[in-house]
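The block underneath contains the structure these notes are about, expressed in structure tokens.
Throughout, numbering of the chain's residues begins at 1 and tracks the sequence. What's counted below: heavy atoms across the whole structure, side chains too, no hydrogens, waters or symmetry copies.
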Amino acid sequence: MEPYPITTIYPDGRTETRMATPEEVAQREADIAEAARVKAEQDAWLAEQQAKRQSAIDKLKALGLTEEEALAIVK
């Protein structure tokens with residue numbers, strides 16, 4: 001990732017623009033990678049929960065409940 005501009009606006013109204021340092025660029029890259037990892041974990045957890053919910057509904061239907069009854073129990 002290339003250095004990017006950082007603009008600081010001070011309370012007195014003056015502004016200052018500078019280029020990001022290599023450390024700031026590296027930190028931003030690390031933050032982006034961490035956010036992607038967390039999102040992947042959340043997506044996997046959500047898919048697992050949806051699979052478990054569907055499994056529960058299928059088992060209840062196999063016991064003779066209607067779709068509506070199974071959904072009411074699994075809420």
For the [atom1] atom of [X] and the [atom2] atom of [Y], what is their distance to the nearest 0.5 Å?
{"X": "L71", "Y": "R53", "atom1": "CG", "atom2": "CZ", "result": "6.0 Å"}
{"X": "E24", "Y": "M19", "atom1": "CD", "atom2": "CE", "result": "10.5 Å"}
{"X": "E34", "Y": "D31", "atom1": "CD", "atom2": "CG", "result": "8.0 Å"}
{"X": "I57", "Y": "E69", "atom1": "CD1", "atom2": "CD", "result": "13.0 Å"}

If you look at every heavy atom in [X] and [Y], which pair is closest and at what distance?
{"X": "P3", "Y": "A20", "answer": "CB-O, 3.7 Å"}
{"X": "E67", "Y": "K61", "answer": "OE1-NZ, 2.7 Å"}
{"X": "P5", "Y": "T17", "answer": "CB-CG2, 4.2 Å"}

| field | salt bridge (charged side-chain N to carboxylate O under 4.0 Å, His left out) partners for D43, two or more places apart | value | K39
Would you give me the side-chain donor-acceptor pairs under 3.5 Å for residues 9-16, sequence neighbours excluded?
unit_1	atom_1	unit_2	atom_2	d
Y10	OH	E16	OE2	3.4
D12	OD1	R14	N	3.1
D12	OD2	R14	NE	3.1

| query | So do V74 and L60 actually touch side chain to side chain, heavy atoms under 4.5 Å? | reply | yes
| task | State plainly whether one hydrophobic cluster holds both I32 and Y4, where clusters connect Ile, Leu, Val, Met, Phe, Trp and Tyr through side-chain heavy atoms under 4.5 angstrom apart. | result | yes
| field | Single-linkage hydrophobic cluster V38~L46, side-chain heavy atoms < 4.5 angstrom | value | no
